[in-house]
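Every chain is numbered from 1, with letters handed out A, B, ... down the list of sequences.
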Amino acid sequence: MAYWLMKSEPDAFGIDDLAKRPKQTEPWNGVRNYQARNFMRDGMKKGDLAFFYHSSCAEPGIAGIVEIAHAAYPDPTARDPESPYYDPRASADNPVWVMVDVRLKKKLKHPVALKLLKSLKPLAGMQLLQRGNRLSVLPVTKKEWDIIIKLAKA
DNA sequence: GCCAACGTTGGC
DNA sequence: GCCAACGTTGGC
């Protein structure tokens with residue numbers, strides 16, 4: 001079982017939006033970065049857990065925990081000319097882009113702010129905190145995961 | 001709104 | 001294959 005972090009802008013789709021979805025499940029479409037795609041395609045398994053991270057907002061940080069409810073499968077928005085995520089290279093034979101389904105496990109009563117994560121020495125190696133990091137899907141080590149879970153409960 | 005960092009594109 | 005130009009991300 002692996003751990004992940006997935007970013008979303010709460011103005012576009014936040015943890016509360018996920019909570020309102022049927023079965024509190026949503027296809028994580030629109031990822032258009034190869035590294036992020038590869039994490040989803042090659043790394044994510046059904047049952048893996050991920051932090052739901054709010055980016056580009058007043059209080060960036062971890063807002064909740066989600067479970068990977070479905071492993072990677074083709075992202076249909078890549079083949080929809082009406083979609084902002086449209087990619088003319090995508091076809092039935094070669095979907096190019098994939099998505100996973102995420103299901104809400106828990107919305108944190110007290111989100112773990114980026115500011116707090118940055119202040120903790122044991123988390124200094126976190127990929128999220130590295131300079132210039134822009135990936136929307138990132139791996140999290142079990143050690144990091146456990147530390148953050150404790151913070152969320154504190 | 002600014003800007004650093006990074007990925008992608010496209011001319012050569 | 002190089003690299004400048006451009007677009008995007010995301011914290012502040």
- [ ] Looking at every strand, decide which applies to A:K118 at a 4.0 Å heavy-atom threshold: base, sugar-phosphate, or nothing.
- [x] sugar-phosphate
- [ ] Please determine which of A:L108, A:V112, A:I62, A:D146 meets the side-chain contact (heavy atoms from CB on, under 4.5 Å) test together with A:L151.
- [x] A:V112
TODO: Identify whether A:V102 and A:M99 are in the same connected component of the hydrophobic contact network (ILVMFWY, side-chain heavy atoms under 4.5 Å).
DONE: no
Task: Residue among A:Y85, A:Y34, A:Y86 satisfying ring-ring contact (aromatic ring centres under 6.0 Å, His included) with A:W97 - done: A:Y34
Task: Salt bridge flag under 4.0 Å for residues A:D16 and A:K107 - done: yes
TODO: Would you give a per-nucleotide map of nucleotides 4-10 of chain C, 5' to 3', where B means the base has a protein non-hydrogen atom under 4.0 Å away, S means only the sugar-phosphate does, and - means neither?
DONE: ---BBBB
- [ ] Mind listing the closest non-hydrogen atom pair of A:I15 and A:H54 along with its distance?
- [x] N-NE2, 3.1 Å
